[in-house]
Structures are given as C-alpha cells and as structure tokens.
Amino acid sequence: QVQLVESGGGLVQAGGSLRLSCAGSGRTFSNYNMGWFRTAPGKERESVAAITWSGGRTYYADFVKGRFTISRDNPKNTLYLQMNSLKPEDTAVYYCAVCSHVAWPCSGAYWGQGTQVTVSS
C-alpha cells in the first residue's frame, strides 16, 4: 500500500499561482503512474493531470492545458502540480492518487486526503 499526503493548497486571487505537493510513502513511489484529481462543490470528481512512473509523459485535462504542470521527483517520493493563471472555477479539493494501471485515463488506486484550493475573483 502507498500512503499519500497532499499539501500546498490555500486561498489565492484569480490569476495567481499555487504549487501542490504530494508526498508518498510505503511501496516504491517510482513504480507508479500518478495523477491529480479535483472535486468542486456540487460536482463530481474529475481528472486534472497525470504522469507516467518515469516522468517521461504527462497528460492534462483540456481545462488546465497551458496553465498547470504536473511533475515528480522520484528520489524524494514527491508529486507536484504547478498551477498558474488560476481561475475561480479551479476552486476545489485537489487529490493525488496512484493510478491503478495506465496513466491516462488514471483510475485511482490509492488516494491522499486532499488539499483545498480556493481562487477568489
């Protein structure tokens, strides 16, 4: 099993930036494809981005392309999501997850507890 802990969420004005981190422990972090998801109030969870185990390929939902960047540091067992040009509609709880199989679409096998991102207009 893999334990995941997200951090880096907060309140930011529209147009601002945040970087989320996801620290992994347990089984070998570098073995897994990883993804970021989000759940906005009143909406279903949606995939935001994913990255292969090596970091060699990345995938993005259309609504974040060009604004968000997913990356990972395997020696540090950490996954990142750099979020730029944030919009009020990006407000959500953001979760990292281990993908059970392929990176995209990522089906989460293990989840973190989530971190709140709030973007004010």
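As the structure is a computational prediction, the values presented were derived from the model and not from experiment.
Considering all non-hydrogen atoms of both residues, Gly35 and Leu79 come closest at O-CD2, 4.0 Å. The two residues Ser121 and Pro88 come nearest to each other via the heavy atoms CB-CG, 3.8 Å. Among all heavy-atom pairs drawn from Lys76 and Tyr80, the shortest one is CD-OH, 4.5 Å. Pairing each heavy atom of Ser47 with each of Phe37, the nearest pair is OG-CE2, 3.1 Å. Across Lys65 and Tyr60, no two heavy atoms sit closer than the pair CE-O, 3.3 Å.
Taken together through direct or relayed side-chain contacts under 4.5 Å among Ile, Leu, Val, Met, Phe, Trp and Tyr, Val2 and Trp36 form part of one hydrophobic cluster. Residues Leu20 and Val12 are members of one and the same hydrophobic cluster, defined by side-chain heavy-atom contacts under 4.5 angstrom among Ile, Leu, Val, Met, Phe, Trp and Tyr. There is a path of hydrophobic side-chain contacts, each under 4.5 Å, that joins Met83 to Val64. One hydrophobic cluster, built from ILVMFWY side chains closer than 4.5 Å, holds both Ile51 and Phe63.
Note that CG of Leu81 is 9.5 Å distant from OG of Ser21, once rounded to the nearest 0.5 Å. Note that CG of Leu18 and OH of Tyr94 are 9.0 Å apart. Values are rounded to the nearest 0.5 Å. In this structure, OG1 on Thr69 lies 11.5 Å from CZ on Arg19, to the nearest 0.5 angstrom. Taken from CZ in Phe68 to CG in Leu86, the straight-line distance is 5.0 Å, to the nearest 0.5 Å.
At a threshold of 4.5 Å between non-hydrogen side-chain atoms, the residues Thr118 and Gln116 count as touching.
Within the structure, no pair that satisfies the salt bridge (Lys or Arg N to Asp or Glu O under 4.0 Å) test touches residues 112-121, not counting sequence neighbours. Evaluation of the salt bridge (Lys or Arg N to Asp or Glu O under 4.0 Å) test over residues 49-60, restricted to residues two or more places apart or in two chains, returns none.
With respect to Lys87 and Asp90, no salt bridge is recorded, no charged nitrogen being found less than 4.0 Å from a carboxylate O.
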Could you please spell out the steps behind the side chain to side chain contact (heavy atoms under 4.5 Å, CB included) verdict for Arg38 and Val117?
CA-CA 9 Å; Arg38 71 185 186 185; Val117 171; over 6 Å; no

Does Gln1 form a side chain to side chain contact (heavy atoms under 4.5 Å, CB included) with Gln3? I'd like the steps, not just the answer.
CA-CA 7 Å; Gln1 193 166 355; Gln3 291 77 44; 4.0 Å; yes

Show, in sequence, the C-alpha distance, side-chain angles and deciding distance for Arg72 and Phe29, and conclude whether the side chain to side chain contact (heavy atoms under 4.5 Å, CB included) test is met.
CA-CA 10 Å; Arg72 66 192 299 164; Phe29 184 84; 3.5 Å; yes

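A donor-acceptor distance shorter than 3.5 angstrom exists from the side chain of Thr91 to the backbone of Val119, with no hydrogens or angles considered.
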Less than 3.5 Å apart, which donor and acceptor atoms pair up between the side chains of residues 95-115 and the rest of the protein, not counting sequence neighbours?
| unit_1 | atom_1 | unit_2 | atom_2 | d |
| --- | --- | --- | --- | --- |
| Ser100 | OG | Ser107 | O | 3.1 |
| Gln113 | NE2 | Glu6 | O | 3.2 |
| Thr115 | OG1 | Gly9 | N | 3.1 |

